[in-house]
Q: 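Sending over a structure as C-alpha cells; questions will come in a sec.
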Amino acid sequence: MADYKGKVVTITGAASGLGKGMAARFGEKGARLSLADLDAENLGRLEAELKGKKVEVMTTVLDVRDGEAVDQFAERTFAAFGGVDYCINNAGVHSMGTIWRIPAAEWKKVFEINVMGIVNGIRAFIPRMMAQDRECFIINTASNAGLQVNTGIAPYAMSKHAAVSVTESLAVELQAVNSKIKAYVFCPGLVPTGLSYNSEKIKDQCDPYFETESYKKLYAYGARLLEKGMPMDLAMDRFFAGLEADDFYIRTHDSEEEEVSYRVRMVLERKRPAPIAK
Ligand SMILES: NC(=O)c1ccc[n+]([C@@H]2O[C@H](COP(=O)([O-])OP(=O)(O)OC[C@H]3O[C@@H](n4cnc5c(N)ncnc54)[C@H](O)[C@@H]3O)[C@@H](O)[C@H]2O)c1
C-alpha cells in the first residue's frame with residue numbers, strides 16, 4: 001500500500017460526497033489536506049471534523065469557474081505546505097433534460113464548472129508541480145458518463161467526455177516532456193452523494209424550464225438512481241485500489257464495462273447508437 005503520511009493533497013468540491021470521502025480517507029492515512037469548495041458551510045463543518053481527528057487541514061472557499069481564485073488556491077497551498085503531492089480536481093454538478101429544451105445558461109454553467117474547473121486546476125497547479133521536480137499526481141474527476149453513450153443527461157455527459165478527453169491529452173503531454181507528474185481520470189459510476197441536491201442549488205432558480213413537470217420527474221428519477229448507487233466506503237476502496245494499481249482510468253463499477261464497450265463497438269462499426277435499455 002502507498003504511504004500517504006505527510007503527503008499534501010488538494011481537493012476541489014471537497015465539502016460533500018466523493019470529495020469529502022477522499023478527504024476523510026487521505027486524512028486517515030496521515031495526509032495533509034488543502035480543501036476547496038463553493039459551499040462555505042459544509043466546508044467549515046468538514047474542516048472542524050477533520051481537525052477533531054487531528055488531521056492537518058486548510059480550507060479555501062472558491063468557485064472553480066474563477067481561474068484567478070483557483071490560482072490563489074494553488075498559491076496558498078504551496079505557501080502553507082511547501083508543495084503538492086496529489087492535486088484532485090473533483091468539483092462538479094449534474095444536469096438533466098431534453099437537449100433542445102435545456103436553457104443555454106444551464107449548458108454554459110455545467111461546462112464552466114465540470115470542464116473549465118478542471119482546466120483552471122491544471123493551469124494553476126501543473127506549472128507549480130513541475131517546478132517541484134519530483135513524483136506527484138493529478139487526478140481529475142470525470143464519470144463513467146464520460147466513457148459511454150448517455151441519454152437524458154446531455155450537458156453532464158458532454159462535460160464528462162470533455163473531462164476524460166482533457167485528462168487523456170494531459171497524460172500524453174506530460175509523458176512527452178518526461179514530466180514526473182502522473183495524470184489519472186477518476187470515472188466513478190453511481191455513488192449516493194449530494195450531487196442532485198447541490199446541483200439544484202446552483203441552477204438558475206428563475207428559469208421556468210426547471211418548473212416544468214417533465215424536468216421535475218426526471219430530477220426525481222435521477223435522485224432515486226443516485227440513492228441506489230455503490231456505498232461510499234466501497235467507492236473509496238476502489239478509488240485507492242485504482243490509484244495504487246496505476247490505473248489511468250480509475251473506475252469503480254465493473255457493471256459498466258458493457259456500456260463502455262457498446263460505445264467503442266458503435267464507433268468501430270460506424271453505427272448510430274440506439275436508446276439505452278435500462
Ligand atoms: N455521485 C456520483 O454518482 C458521481 C458519479 C460519477 C461522477 N461524479 C462526479 O464526482 C464529483 C463530485 O460529485 P459528488 O457526487 O460528490 O457530488 P456532491 O454534490 O456531493 O459534491 C460536489 C461538491 O462540489 C462542490 N461544487 C460544485 N460546484 C462548484 C464550484 N463551481 N466551485 C467549487 N465547488 C463546487 C459542491 O458544493 C459540492 O460540495 C463531480 O465531478 C461529479 O460529477 C459523481
Q: What distance do Met22 atom CE and Ile139 atom CD1 have between them, rounded to the nearest 0.5 Å?
A: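 With rounding to 0.5 Å, CE (Met22) is 7.0 Å from CD1 (Ile139).
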Q: Checking side-chain polar atoms at under 3.5 Å, does Arg76 have a donor or acceptor matched by the opposite partner on Ser34?
A: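 No, Ser34 and Arg76 have no side-chain donor paired with an acceptor closer than 3.5 Å.
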Q: Which distance, rounded to the nearest 0.5 Å, do you find between the NZ of Lys20 and the CG of Leu50?
A: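 Spacing of NZ (Lys20) from CG (Leu50) equals 9.0 Å.
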Q: To check you understand the geometry: which heavy-atom pair defines the closest contact between Gln148 and Val260, and what is its length?
A: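 That would be CB-N, 4.4 Å.
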Q: Would you please name every residue forming a side chain to side chain donor-acceptor pair (under 3.5 Å) with Asp85, sequence neighbours left out?
A: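 Asp85 satisfies side chain to side chain donor-acceptor pair (under 3.5 Å) with Arg134 only.
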Q: So that I can tick it off, tell me whether Glu112 and Lys109 are bridged by a salt bridge, with the cut-off set at under 4.0 angstrom between side-chain N and carboxylate O.
A: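 Result for this pair is no, no salt bridge flagged.
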Q: Using a strict 4.0 Å threshold on nitrogen-to-oxygen distance, state whether Glu75 and Arg128 make a salt bridge.
A: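 Salt bridge: yes.
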Q: Going by distance alone, is a donor N or O of one side chain under 3.5 Å from an acceptor N or O of the other, for Thr12 and Asn90?
A: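 Absent: no donor and acceptor within the cut-off.
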Q: Taking ring pair (Phe, Tyr, Trp, His ring centres under 6.0 Å) as the test, write out the residues that go with Tyr209, two or more places apart.
A: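 Result, ring pair (Phe, Tyr, Trp, His ring centres under 6.0 Å) vs Tyr209: Tyr215.
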Q: Short question: side chain of Asp66, backbone of Glu68 - any donor-acceptor pair under 3.5 Å?
A: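 Side chain of Asp66 to backbone of Glu68, a donor-acceptor pair under 3.5 Å: yes, one is there.
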Q: Can you name the side-chain contact (heavy atoms from CB on, under 4.5 Å) partners of Ala40, sequence neighbours left out?
A: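 side-chain contact (heavy atoms from CB on, under 4.5 Å) list for Ala40, sorted by chain: Val61.
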Q: Mind running side-chain contact (heavy atoms from CB on, under 4.5 Å) on Ser214 and Leu218 for me, showing each step along the way?
A: CA-CA 6 Å; Ser214 63; Leu218 193 61; over 6 Å; no
